[in-house]
Amino acid sequence: MLIPVTEPLDLTSTLLSGQAFRWRQDGPWFHCIIFGGIVKLREVTGGVELRCAPQAEGSMVPLLRDYLGLGTDLEQVYETLLDDERLREAIHSYPGMRILRQDPWECLVSFICSSASNIPRITRNIEAMCTTFGRPVELDGLTRHTFPTPHDLAEAGSEALRGLGLGYRAEYVATASETIASGKVDLMPLREDSYEVALGTLTSLAGVGDKVANCVLLFSLDKPEAFPVDVWIERALQDWYLDGTKMSRKNMRRWASNHFGTYAGYANHYLFHDRRLKGRKASA
DNA sequence: CCACGGCCTGATTC
DNA sequence: AGAATCAGGCCGT
C-alpha cells in the first residue's frame, strides 16, 4: 500500500541516523517492529510503500505518518535554523531528515543501553533483549521480535540482562523497568508535560542522566527543544561555536537550547549526523 | 553546582 | 602481543 507523502522526507537518513536502533536495510526495503507489528517500508514515487503484519496496512498508515514525524512542518523548522552557517550546510546535505516520534518505553531502554557504548554493541544488546524476551512476528518469510514490555524486563532481572552483554547497564535497565512496571512513573503522559517537568521525571529513573533524558525527550516525547549533549555534539560545539571556552555538558545543553531556540533538537540531530558521517578528524 | 574515578565489554590503537 | 584507550554516560563521593 502507498503512503502518499508530499512533505520532504529522506527515509534513509531518518531511519539510520542513530535515533532508532531497530531499523534494518535490505536492498530498497527497511524493516522494523513498530506498534507491535512488523513493518517494511521503501521509497517510491509519490511516497512510501508499506507492507506490514499482522495489522492491516490501512490501519497502519496513520500510525506511520505519526511515527515518521510527518506532522512536523520541516520548512518551518528550517526557517528558524538556516541563519546558522553550519546548520545551513547540514540541512542542505540531508534535506528531509526528520526526528521520529518513537515509543517512549523502547526509546528509554535503548538510550540507557547507549551509555559509554557504541552503535554496533547497542544494536546487539537491544536485539538480544527482543529475541530473548519479545514475541516473534513474521512477514514475507522474515521474522522479527517485538520489544519486551516493562513487565518482561523487570521480571527478567539484571543477571539475565548482564548475560545478554549489557554490562553495568543491566542494573539500570532492570531497575528502571521495575519503576515503570510498578506504575510509579508513567512515560506517555510526559508528552503533555513541560520540558522541565518531563526532564525531572526522567532523570529520577535509574541510569538516566541529562543526556539520556534529552534523547528520550527529543525522540519520543514531543520536546523539539531538547538537546542531548554527547561526545560528538560536545566536539561540534567546541569546534564551531564555543571557540575553546570551557563548559560542562549540562551548560552546553542550556547554551544550545537558548542559542538554537524552539527546534534546538533538530539542530542537534543535523549537527550530530553531519559530524558522525564526516568522522572525527575530518572537520576542523 | 562542578570534578573525578569507577564501572561492563569489545574493538581499535599504541 | 599485551596494555591503554575509546565508545552516543551515569552514579556516588
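Quick note: numbers below take in every heavy atom, side chains included, and nothing from hydrogens, waters or symmetry partners. A note on names: the letters A, B, ... follow the listed sequences, proteins ahead of strands, and every chain is numbered from 1.
Residues of residues 246-257 of chain A having a heavy atom closer than 4.0 Å to DNA chain B, listed by number: A/Ser248, A/Asn251. Annotation: proximity of residues 158-176 of chain A to DNA chain C (heavy atom, distance under 4.0 Å) is found for A/Tyr168, A/Tyr172, numbered in ascending order. The stretch residues 109-119 of chain A touches DNA chain C through A/Phe111, A/Ser114, A/Ser115, A/Ala116, A/Ser117, A/Asn118, A/Ile119, each having a heavy atom under 4.0 angstrom from the strand. The stretch residues 210-223 of chain A comes close to DNA chain C through A/Asp210, A/Lys211, A/Val212, A/Cys215, each having a heavy atom under 4.0 Å from the strand.
A cation-pi arrangement is present between A/Arg235 and A/Trp232, with the terminal nitrogen or guanidinium carbon under 6.0 Å from the aromatic centre and inside a 45° cone about the axis. Under the 6.0 Å distance and 45° angle rule, A/Arg275 counts as a cation-pi partner of A/Trp240.
Other residues sharing a hydrophobic cluster with A/Leu11 under the 4.5 Å side-chain heavy-atom criterion for ILVMFWY residues are A/Met1, A/Ile3, A/Val5, A/Leu9, A/Leu15, A/Leu16, A/Trp23, A/Phe30, A/Ile34, A/Phe35, A/Val39, A/Leu41, A/Val48, A/Leu50, A/Met60, A/Val61, A/Leu63, A/Leu64, A/Tyr67, A/Leu68, A/Leu70, A/Leu100.
Residues passing the salt bridge (Lys or Arg N to Asp or Glu O under 4.0 Å) test with A/Asp84, sequence neighbours excluded: none. In this structure A/Arg65 satisfies the salt bridge (Lys or Arg N to Asp or Glu O under 4.0 Å) test together with A/Glu7, sequence neighbours excluded. Evaluation of the salt bridge (Lys or Arg N to Asp or Glu O under 4.0 Å) rule for A/Glu127 yields A/Arg22, A/Arg24, A/Arg144 as partners, not counting sequence neighbours. When the ring pair (Phe, Tyr, Trp, His ring centres under 6.0 Å) test is applied to A/Tyr94, the partners found at least two apart in sequence or on another chain are A/His273.
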**Report entry** For DNA chain B, the dot-bracket pattern of Watson-Crick and G-U pairs whose distances stay under 3.5 Å, | for other-strand partners
**Finding:** ..|||||.||||||
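The ring-ring contact (aromatic ring centres under 6.0 Å, His included) analysis of residues 111-142 of chain A, with sequence neighbours excluded, yields the pairs A/Phe21-A/Phe111, A/Phe111-A/Phe219.
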Do any N or O atoms of the protein come closer than 3.5 Å to N or O atoms of nucleotides 12-14 of chain B, and which pairs are they?
none

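Rounded to a whole angstrom, the distance from the P atom of B/dG6 to that of C/dA4 is 14 Å.
Across all strands shown, A/Gly209 has heavy atoms under 4.0 Å from sugar-phosphate atoms exclusively, and none from any base.
Between A/Phe260 and A/Tyr241, the distance separating the two ring centers is shorter than 6.0 angstrom.
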